Every structure is written in C-alpha cells, then in structure tokens.
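Worksheet: the structure to be examined is printed underneath.
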Amino acid sequence: LVAAVDTASAGSVVNGIAVSSELRALADAKVDVAVDFTVAAASRINLPWLAMHNIHAVVGTTGFTDQDIEDFKKMFSSSNCIVAPNFFETAEIIEIHHDGKADSPSGTAISTAKRMASASNSWAQDPTKHEAIVGARGAKGPGDIPIHAVRMRGVVANQEVVLGTQGQTLTIRHDTIDRASFMPGVVLACKKIAEHKGFTLGLDKFLEI
C-alpha cells in the first residue's frame with residue numbers, strides 16, 4: 001500500500017499511509033494498481049481519471065449500467081481495468097433427485113458445469129490428498145468442478161451451485177416441488193419444434209424472442 005483516497009476519512013492514517021481526499025495522491029505516489037471499492041457514482045469519476053493517468057484498475061464496485069461498461073472499455077487503452085463485483089475461486093454442484101432416477105449426475109448438473117467451465121478455467125485445485133471413502137469428493141465434471149448426486153425419496157428435483165472464496169460463499173439453488181413445473185417447457189417445445197430444424201439441445205433457442 002502506497003496511497004489511499006477516501007473523502008470520508010481524509011486525514012486519518014492507515015498502515016502508515018495518510019488518507020487523502022484527492023485522487024492526485026495516487027499519481028504522486030506513482031501507484032501501479034488502484035483498487036476501487038466505492039459506489040457507481042464515484043467510480044464513474046475515478047475510472048476515467050485512472051485511465052487518463054495510465055494506472056491499472058481493479059474494481060469491485062457494483063451498480064454499473066451497460067453504458068458504463070462500454071465507456072470503461074473505450075477509456076482503458078494504455079492501462080488495464082477489471083470490473084468483478086465478486087471474486088470466487090472454488091465451485092461445486094450438488095444435485096438431488098428422487099430415488100426413481102436411474103442416471104447420475106443429472107444432465108442439468110452436467111450442463112451447468114459445462115457452462116461454468118466455459119466461463120472460467122481458473123478454479124482452484126481440489127486440496128484433498130486422501131479420500132477415506134473413494135468418491136467422497138464427488139465426480140469431477142467439466143472444468144474439474146465436483147458434482148455430487150443425491151438420490152432420495154420424497155424429493156422431485158433440486159440443484160445447488162455453491163461458489164466460494166476467502167470469507168464468503170454464494171449458493172444458487174433451484175427446487176422443483178411439483179412435476180407440473182416441467183409442463184410449460186414441454187408445451188413450449190411442442191409449439192416451437194416445427195420451427196427448429198434438426199436436433200436441438202436444451203430449451204435456450206426455443207426461448208429466444
């Protein structure tokens with residue numbers, strides 16, 4: 001840390017660094033990389049300034065519009081910028097189905113892992129050195145993302161994607177509580193199948209407007 005800027009705490013000292021209220025402090029300190037965890041309104045001022053001064057930017061701020069992102073892309077030519085509201089390094093998938101399902105893992109879980117793997121190839125390596133019971137860590141899916149398949153009475157179909165990094169996790173869960181939930185997709189497919197030649201995998205193309 002060589003400089004710090006915060007209008008709310010200007011004048012205080014953090015790790016021996018005096019907090020400034022002016023962005024100029026970053027240039028005076030000849031910073032290589034600036035980390036911006038502010039609010040969108042402030043970042044719209046900070047990022048153009050950083051780009052103009054050829055300072056790399058790592059941004060964890062949220063609330064940007066699509067136009068903001070397009071503007072940032074144009075600004076950074078001599079220096080670089082990454083906007084990533086959350087940084088997740090590990091991922092696992094847990095799918096739970098009724099005990100009448102013969103295959104595992106589910107096609108949905110495999111498809112989910114494929115999409116996740118295509119979005120990132122830098123997931124952290126599994127730290128496990130020894131499985132006391134073989135298979136305890138699940139099956140390695142696309143991108144080596146672990147997939148855990150549970151077969152249980154009283155369940156229809158559920159899936160969780162768990163993302164984690166230091167100090168935080170994000171769980172995205174989908175629960176099917178009635179098979180009637182599959183019917184809108186079946187009806188849509190019946191109505192649209194004549195419009196799509198040959199073989200189609202998934203409903204994505206049928207959902208396009």
Side-chain angles (χ1 to χ4, degrees), residues 1-10 14-15 17 19-95 108-128 137-138 140-148 159-174 202 204:
L1 182 69
V2 296
V5 177
D6 184 359
T7 56
S9 57
V14 178
N15 290 341
I17 302 296
V19 179
S20 174
S21 62
E22 301 293 333
L23 289 170
R24 169 53 54 185
L26 303 180
D28 291 343
K30 296 181 172 60
V31 302
D32 298 309
V33 180
V35 178
D36 184 324
F37 278 102
T38 55
V39 294
S43 289
R44 292 187 186 107
I45 297 171
N46 297 341
L47 297 190
W49 189 93
L50 294 172
M52 183 173 64
H53 288 81
N54 301 325
I55 297 173
H56 300 307
V58 174
V59 185
T61 301
T62 60
F64 295 126
T65 66
D66 291 342
Q67 186 59 55
D68 288 330
I69 299 301
E70 289 305 312
D71 291 342
F72 297 153
K73 288 178 180 178
K74 294 174 184 176
M75 293 172 191
F76 284 88
S77 55
S78 298
S79 60
N80 307 322
C81 175
I82 178 174
V83 174
N86 291 90
F87 306 90
F88 291 108
E89 301 166 298
T90 56
E92 308 215 5
I93 298 171
I94 306 166
E95 59 97 342
T108 299
I110 295 172
S111 177
T112 300
K114 285 180 179 177
R115 294 188 178 199
M116 293 167 64
S118 69
S120 174
N121 59 3
S122 59
W123 301 107
Q125 294 294 312
D126 187 343
T128 303
R137 289 292 294 117
K140 293 298 174 65
D144 283 338
I145 297 171
I147 302 177
H148 308 268
Q159 178 172 288
E160 285 187 9
V161 175
V162 184
L163 304 168
T165 191
Q166 183 176 350
Q168 61 178 316
T169 60
L170 170 66
T171 300
I172 303 170
R173 181 178 172 106
H174 173 258
D204 301 44

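Remember, it's a predicted structure, so these values are computed and weren't measured experimentally.
- Between the side chain of Ser43 and the main chain of Asp36, no donor-acceptor pair closer than 3.5 Å is present.
- Within the 4.5 Å cutoff, side-chain heavy atoms of Gln168 are placed close to those of Phe88.
- Of all heavy-atom pairs between Ala51 and Met75, the closest is CB-O, 3.7 Å.
- For the atom pair Asn46 CG and Thr61 OG1, the distance stands at 8.0 Å (nearest 0.5 Å).
- Using a distance-only test at 3.5 Å, with no hydrogens or angles considered, a donor-acceptor pair links the side chain of Thr65 to the main chain of Asp68.
- The main-chain N or O of Ala124 is never found under 3.5 Å from a side-chain atom of Thr90 such that the two would form a donor-acceptor pair.
- Counting only residues at least two apart or in different chains, salt bridge (charged side-chain N to carboxylate O under 4.0 Å, His left out) contacts with residues 24-35 are absent.
- Shown here is Asp204, whose CG atom has more than 12 heavy atoms of other residues, nucleotides or ligands within 6.0 Å.
- The two residues Trp123 and Leu163 make their nearest non-hydrogen contact at CH2-CD2, 3.9 Å.
- The side chain to side chain donor-acceptor pair (under 3.5 Å) check on Asn15 picks up nothing, with sequence neighbours excluded.
- Take Gln159 and apply the side chain to side chain contact (heavy atoms under 4.5 Å, CB included) test, not counting sequence neighbours, and it matches Ile93, Glu95, Ser106, Thr108, Ala109, Thr112, Val161.
- Here the closest non-hydrogen pair linking His148 and Arg137 is CE1-O, 3.2 Å.
- Across all their heavy atoms, Ile110 and Pro142 have their closest contact at O-CG, 4.2 Å.
- In terms of the ring-ring contact (aromatic ring centres under 6.0 Å, His included) criterion, residue partners of Phe72 (sequence neighbours excluded) are, by chain and number, Phe64.
- Listed by chain and residue number, Asp71 satisfy the side chain to side chain donor-acceptor pair (under 3.5 Å) test with Gln67 (two or more places apart in sequence, or in another chain).
- Closest approach of Ile55 to Trp49, counting heavy atoms only: CD1-CZ3, 3.9 Å.
- Within the 4.5 Å cutoff, the side chain of Lys140 has heavy atoms near those of the Asp126 side chain.
- Distance OG/Ser77 to CG/Asn54: 7.5 Å, rounded to 0.5 Å.
- Between the side chain of Asn80 and the backbone N or O of Ile82 there is no donor-acceptor pair closer than 3.5 Å.
- Looking at every heavy atom in both residues, Ile147 comes nearest to Gly141 through CD1-CA, 4.1 Å.
- Using a 4.5 Å heavy-atom threshold, the side chains of Leu50 and Ser79 count as separate.
- Considering only residues two or more places apart in sequence or on other chains, Glu160 meets the salt bridge (charged side-chain N to carboxylate O under 4.0 Å, His left out) condition with Arg173.
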